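To start, the structure under review is shown below, and the notes come after it.
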Amino acid sequence: MRRDRPALDRLWRKVQQSHRHGQPYGRNLQRLFDDLDRSRQRRARRAAAAPKVTYPPDLPISQKRDDIAALIRDHPVVVVCGETGSGKSTQLPKILLELGYGHDGVIAHTQPR
């Protein structure tokens, strides 16, 4: 989970520091493994609980969802422009969810005004 990364990074640095100083890993390594396991389990539960996604066929963005999904997979930044009411705000999060985004964090998108 994204929220677990800072704590996991701190633990990993402690493990590395112990190793550099020739000290035994001690409980930090086991704690790291335990925390990683808990984070993976939370992510798996979250992914399994994701709602089934459906797309209203009358929205223009629904007709382009495969193209949009391919762009999101292939590029780190995607700007989607469309008419008001085309489904950008409501359908883009669904596309992201289907691509696996949101299972380890949150989905957010901005709308310039």
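A quick note: this is a predicted structure, and the numbers were derived from the prediction, not measured.
- Taking the side chain as every heavy atom from C-beta outward, Ile72 and Tyr101 approach each other to under 4.5 Å.
- Crowding of Arg31 atom CZ: a count of heavy atoms from other residues, nucleotides or ligands under 6.0 Å not exceeding 12.
- When all heavy atoms of Asn28 and Lys14 are compared, the closest pair comes out as ND2-CB, 3.7 Å.
- Side-chain contact between Leu97 and Lys94: absent, with no pair of heavy atoms (C-beta onward) separated by less than 4.5 Å.
- Of all heavy-atom pairs between Pro56 and Gln91, the closest is CD-OE1, 3.4 Å.
- No donor-acceptor pair closer than 3.5 Å links the side chain of Arg45 to the backbone N or O of Arg40.
- Of the inter-residue distances, the one linking Leu92 atom CG with Ile107 atom CD1 reads 10.0 Å to the nearest 0.5 angstrom.
- Side-chain contact check for His19 versus Val15: every heavy-atom pair is 4.5 Å or farther apart.
- Using a 4.5 Å heavy-atom threshold, the side chains of Leu8 and Trp12 count as separate.
- Using a 4.5 Å heavy-atom threshold, the side chains of Glu98 and Tyr55 count as touching.
- To the nearest 0.5 Å, atom CD of residue Gln63 and atom OG of residue Ser86 are 10.5 Å apart.
- Interatomic distance, CZ of Arg43 versus CZ of Arg2, reported as 10.0 Å (0.5 Å rounding).
- Checked by atom type and distance alone, the side chain of Lys88 pairs as donor or acceptor with a backbone atom of Gly82 at under 3.5 Å.
- Distance check, rounded to the nearest 0.5 Å: CZ of Arg73 to CD1 of Ile95 gives 10.5 Å.
- Using a 4.5 Å heavy-atom cutoff, the side chains of Gln41 and Met1 are not in contact.
- Put simply, CD1 on Ile68 and CG on Leu99 are 10.5 Å apart, with the number rounded to the nearest 0.5 Å.
- Between Leu11 and Leu29, the closest side-chain pair of non-hydrogen atoms is not below 4.5 Å.
- Listed here is the closest heavy atom pair of Asp4 and Ser39: OD2-OG, 2.7 Å.
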> Would Arg42 and Arg3 satisfy side chain to side chain contact (heavy atoms under 4.5 Å, CB included), going step by step from the backbone distance to the final call?
Replying inline: CA-CA 11 Å; Arg42 271 195 301 271; Arg3 71 178 184 181; 3.1 Å; yes
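- Considering only heavy atoms from C-beta on, Val79 comes within 4.5 Å of Cys81 through its side chain.
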